[in-house]
Amino acid sequence: MPLLATTPVDKMNGPYPRRWWALLVLCLSLLIVVMANTSLIVAAPDMTADLGLSSSDLQWVIDGYTVPYAALMLVLGAIGDKYSRRGALIAGLVIFAGGSVMGSLVEETGLVIAARAVMGVGAAVVMPATLSLLVAVFSRGERARAITAWTATSGLAIAVGPLVAGWLLEDHAWGSTFLVNVPIAVLAVVGALALVPPSRAAGMGRIDYVGGLLSIVSVGSLVYASIEGPHFGWGAGPVAAAVVAAVGLVAFVAWELRHPHPMLDVRRFLQRPFSGSMLAVLFFFFGTYGAIYYATQFLQFVLGFGALETGVRLLPLAGAVFVGAAVTGRLTPKLGVKAMVGSGMAIGTVGVFLLVLIDQGSTYADFLAPMLLLGLAIGLSVSPATDTIMGTFPESELGVGGGANDTALELGGSLGIAVLGSLLGTAYRDELGSLVGDRLPAAALDTAQDSVGGGLAVAHRLATDPAAGPEQAQALTDAVGRAFAHGVSTTSLVGGIIMAAGTLIVLAVLPGRSRHAAGNGPEAEPAPAAPEPEHGDTAR
């Protein structure tokens, strides 16, 4: 057997023998791009202290990754389809590793944000390439199992990211959380060359770069507005970005409807399996990413767990993802996509609503059930939704399909963190003001209301101030914990309502099993120009 995979998928006479090893490489590549988001959650306190980050700075250190990641996936997925899906995967890993090296070496806030943006560009190449290569390599009969493994990897990364970052932060500076990506990326590149076969779309025409540019402008502006507006006020910048996003979306739809070979055929949204699954991914990650984001903050700031301790306490979530993935792999063929996606979203909604019960006296045990339910929900619903989305795209558009799925995922997650995070900040600020507003100087109160970390920093200063002392410091610490718990409870109520509404919308849009199986989705091929033959019998 050759050391390198050189035979293109379209030249194979049967299933690729090393396809499950190839899946391992694709999952490893996916793992590090998702970990890059989740690991920063536990590294944020060290970065804030070392770099002197303001609330705005920290937000953009996190979201400097998100904006290019969400905005570029559709276009870069199409480029991978046309030229080389494996080449796109390798190029993305190299860019991602380069940004990671940069992030580990720089010591200025602006340069850290720039490094995160470079990593986001690399992730935008890697993410759709992993999904398009998976669909290209696996036949229809095995594809659902492969996508289930891909989905479970995403859930695993949610817990593994904080765990690995926490372990590194025990003995190393925050730059190590960037640098750890490099050897994993190198391993993935070697694995891609040895185990992932070349693949590209057969007979693909010219890329619709105008549509691609409009999608970048629309999604990028929407993500920027959703981050900047809720957190820092709807000034001229966020309002202008929101207007650009709206105009860009209208222009994108109009252009795609008239273009003979559109970047993304928007008529596909008239197919209920596709539109319902896209909405499911969007709503689901809106609620779950937001909930995990502020639950992790509570574990660190209020309960006082270190980075490694926090990562360990997220492991049950990863275990629940694998349980859900195993269940959905068995039940989706029997019950259908609508039943599994709806069940998963309903369970996730219950998990978010349980966080309404959080108060100042809550312990880790109060977070365990919500974490388990959110993990189970990810495992149950995301895989069949992703399989449905990818099943509506012909072979020539697998990268675009992966980009569409991943854009919905990342857009939902970024909106969830931005919107729910903003609600959390507002509720925390108002509650803290009512508790201690008349007992702190204006400057100290302003710092304490900026974030839970700022509140604890003010309390620490009060403990060493002869004019205040330990008793006043402890009173402020208690007030910060109570205010943040109030924020978590209030935000979870809103998040749960949005998740519940999203679940009802998705259930209304997704067709029932009999109609779905009749012509749309994983149970049967959609209706492209020509039906997709069994793997290995046609050019890919």
Side-chain angles (χ1 to χ4, degrees), residues 20 23-24 26-27 30-31 34 131 134-135 138-160 273 276-289 291-292 314-354 367-391 405 408-409 412 496 499-500 502-504 506-507 510-514 516-517 521-524:
W20 295 105
L23 177 63
L24 182 63
L26 300 180
C27 288
L30 172 69
L31 184 71
V34 178
L131 202 47
L134 183 155
V135 176
F138 284 89
S139 65
R140 167 62 66 184
E142 296 179 324
R143 193 175 298 162
R145 290 169 57 197
I147 289 179
T148 298
W150 185 90
T151 301
T153 302
S154 297
L156 178 66
I158 293 174
V160 170
S277 296
M278 288 284 285
L279 285 170
V281 172
L282 182 72
F283 275 111
F284 187 81
F285 281 96
F286 178 95
T288 55
Y289 265 41
I292 292 168
L314 291 177
L315 285 178
L317 184 147
V321 171
F322 279 95
V323 172
V327 171
T328 201
R330 290 181 176 272
L331 293 186
T332 301
K334 299 176 182 179
L335 301 180
V337 170
K338 182 174 184 176
M340 300 311 299
V341 171
S343 298
M345 293 189 69
I347 290 171
T349 300
V350 172
V352 175
F353 270 129
L354 282 179
F367 287 88
L368 187 57
M371 290 288 186
L372 290 171
L373 290 176
L374 288 172
L376 181 63
I378 292 171
L380 283 175
S381 61
V382 178
S383 173
T386 297
D387 193 24
T388 301
I389 291 168
M390 294 303 295
N405 176 85
L409 186 158
M499 282 278 288
T503 301
L504 294 176
V506 168
L507 288 174
L510 281 175
R513 177 171 171 76
S514 59
H516 194 180
E523 287 88 349

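Just so it is clear, the values below take in all heavy atoms, side chains as well, and ignore hydrogens, waters and symmetry mates.
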Taking atom [atom1] of [X] and atom [atom2] of [Y], what is their separation to the nearest 0.5 Å?
X: W150; Y: M390; atom1: CH2; atom2: CE; value: 8.5 Å
X: L373; Y: I378; atom1: CG; atom2: CD1; value: 11.5 Å
X: T503; Y: M345; atom1: OG1; atom2: CE; value: 4.0 Å
X: M499; Y: F353; atom1: CE; atom2: CZ; value: 9.5 Å
X: R143; Y: R140; atom1: CZ; atom2: CZ; value: 4.5 Å
X: R330; Y: T148; atom1: CZ; atom2: OG1; value: 12.0 Å

key: CA sep, side-chain torsions, deciding dist, call: L282, F286, side chain to side chain contact (heavy atoms under 4.5 Å, CB included)   = CA-CA 6 Å; L282 182 72; F286 178 95; 5.9 Å; no
What pairs with [X] under side-chain hydrogen bond (donor to acceptor under 3.5 Å, both in side chains), at least two apart in sequence or on another chain?
X: T328; value: T332
X: T386; value: N405
X: S381; value: none
X: S154; value: none

message = Can you confirm whether F138 sits close enough to R145 that some side-chain heavy atom of one is under 4.5 Å from a side-chain heavy atom of the other?
response =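 No, their side chains stay 4.5 Å or more apart.
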task = Please examine the side chains of P370 and V352, heavy atoms only from C-beta on, and report whether any two atoms are closer than 4.5 Å.
result =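 When only atoms from C-beta onward are counted, P370 and V352 do not touch, as no gap falls below 4.5 Å.
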If the condition is side chain to side chain contact (heavy atoms under 4.5 Å, CB included), which residues does [X] pass it with, not counting sequence neighbours?
X: L331; answer: V327, L335, M340
X: A149; answer: L23
X: T288; answer: F284, F285, L374
X: T151; answer: I147, V382, S383

inquiry  = Which residue in the set L368, L156, I292, L372 passes side-chain contact (heavy atoms from CB on, under 4.5 Å) when paired with L317?
reply    =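 Answer to the side-chain contact (heavy atoms from CB on, under 4.5 Å) test with L317 among L368, L156, I292, L372: I292.
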message = Testing V506, T388, V341, L409 one by one against V281 for a side-chain contact (heavy atoms from CB on, under 4.5 Å), which residue passes?
response =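 Answer to the side-chain contact (heavy atoms from CB on, under 4.5 Å) test with V281 among V506, T388, V341, L409: L409.
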ask   = Which atom names give the shortest non-hydrogen contact between I389 and S277, and what distance separates them?
value =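 Shortest heavy-atom separation between I389 and S277 comes out as CG1-CB, 3.6 Å.
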ask   = How close do A369 and L354 get, heavy atom to heavy atom, and via which atoms?
value =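 Smallest heavy-atom distance, with atoms named: CB-CD1, 4.2 Å.
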